[in-house]
Amino acid sequence: MTRQRKGPPFACVALTLQGGGALGAYQAGVYQALAEAELHPDWVAGISIGSINAAIIAGNPPGARVERLRGFWDVVTSTPGFDAFSLLGRDLLTGDAGRRFVDQMSAATAVMVGVSGFFRPRLLPPFLERSASPGATSFYDTGPLAATLERFVDFDRINARETRLSVGAVNVESGNFVYFDSTTHRIGPEHIMASGALPPGFPAIEIDGQHYWDGGLVSNSPLQWVLQYGPRQDTLAFEVDLWSARGRFPRDVMEVATREKEIRYSSRTRDNVDRFADTQRLRHAVAKLLDLLPEDTRRRPEAVALETFADDKVYNIIHLIYRSKIWEGESKDYEFSTLGMRDHWNAGYRDTVATLRHPEVLERPKNSDGIAIFDCATPDPGK
């Protein structure tokens, strides 16, 4: 999808959002900074929590998106039963040990009582439920999420295709990775819920007789879908990752669990970007070579075949990565406290504001390869 725009000289501004549960507030902060800079995406793609943020963005007019994102995150971080500020006091929260304890207690609360407007524990454990029922295959009921999505997302707007939306899921029986895309599907709450149906916590979501789980089981990053399977067009892509592939060597078994999750869900995003860059350089080289061929040679079948591969489109890829604080552990993706949400949101906002201070990220690539990659995250000094 393209439209006339004032701003960056690209046909498409794309925003791609990884999965990562409670860490998804970072993406909301990123979007706030983009909105303030009037960088409104033409295409939003997401996995898991990224699909929820993406649906809220695509399913609201630009002027209402930040408010609706804030509304959603306020709802899912308002779970009663644990208020870090009133129970422990502000003094304890100033140290790493205090924040680590608060985070662990908040995550334990989510496990025990669920998350407001998102999921709730089932009354019976799975082994007491009827075989093959949702209760037998998951620990939580995600029914509350359907109502929350209806509250914060205008699905008629999504299906009007003003902003393209893509959300990834995996077919439980075939194991195939599937994208539900507003250009090919009529999107409803069930498609967003399917993208975030992470087993065994959440049940598979049935769509047209097929059952789907969280797309992060196959790939937690939707950037490849936008770059390699979308139309070739000059693209300014913001990739927002919630898991860093880089990290220090773990010192104990808890840090092993954290590091394993980071590596698994980072989904080799940077490696995929590097591979795409190599392909794009080759496309440009082939296009230049074809221009040098005599006309009779260009009519040969081999040259005609190469023309379908050749490309002169340009891409800027801005890679924003959330860097965990030293107190965040294995439970950081299900620690739904208001305090944690604000930290993540503010981090996304700050990182994006800092990134946009560099004008080159919004300029067409000046090299002959037609691609520029910006890794705008810096390691947290506490790591």
[Y]/[X] salt bridge by N-O under 4.0 Å criterion:
| X | Y | answer |
| --- | --- | --- |
| E129 | R122 | no |
| R281 | D278 | yes |
| E260 | R264 | yes |
| R68 | D154 | no |

Q.
I'd like to know whether F152 forms a side-chain contact (heavy atoms from CB on, under 4.5 Å) with W73, so could you lay out the CA-CA distance, the side-chain angles of the two residues, the decisive distance to 0.1 Å, and finally the verdict.
A. CA-CA 11 Å; F152 291 104; W73 283 99; over 6 Å; no

Q.
One pair to check against salt bridge (charged side-chain N to carboxylate O under 4.0 Å, His left out): K332 and E262. What are the steps and the verdict?
A. CA-CA 11 Å; K332 59 188 174 183; E262 289 172 341; 2.7 Å; yes

Q: Kindly say whether L242 contributes a backbone atom to a donor-acceptor pair with the side chain of Q18 at under 3.5 angstrom?
A: yes

Q. Any sub-3.5 Å donor-acceptor pair from D141's side-chain atoms to R120's backbone N or O?
A. no

Q.
Are Y26 and H344 an aromatic pair, judged by ring center distance below 6.0 Å?
A. no

[Y] versus [X], side-chain donor and acceptor atoms under 3.5 Å:
| X | Y | result |
| --- | --- | --- |
| T235 | K313 | no |
| S182 | R164 | no |
| E328 | Y322 | yes |
| Q104 | S331 | no |

**Q.** Contact list for residues 268-294, test ring-ring contact (aromatic ring centres under 6.0 Å, His included), sequence neighbours left out
**A.** F276-Y315

Q: Evaluate whether atom CZ of R275 has more than 12 neighbouring non-hydrogen atoms of other residues, nucleotides or ligands under 6.0 angstrom away.
A: no

Q.
More than 12 heavy atoms of other residues, nucleotides or ligands under 6.0 Å from CZ of R232: yes or no?
A. yes

I'd like a table of donor-acceptor pairs (distance under 3.5 Å, sequence neighbours excluded) in which one partner is a side-chain atom from residues 205-212, with atom names and distances.
unit_1, atom_1, unit_2, atom_2, d
Q210, OE1, N171, ND2, 3.1

**Q.** Contacts of S48 that satisfy side chain to side chain contact (heavy atoms under 4.5 Å, CB included) - sequence neighbours left out
**A.** D214

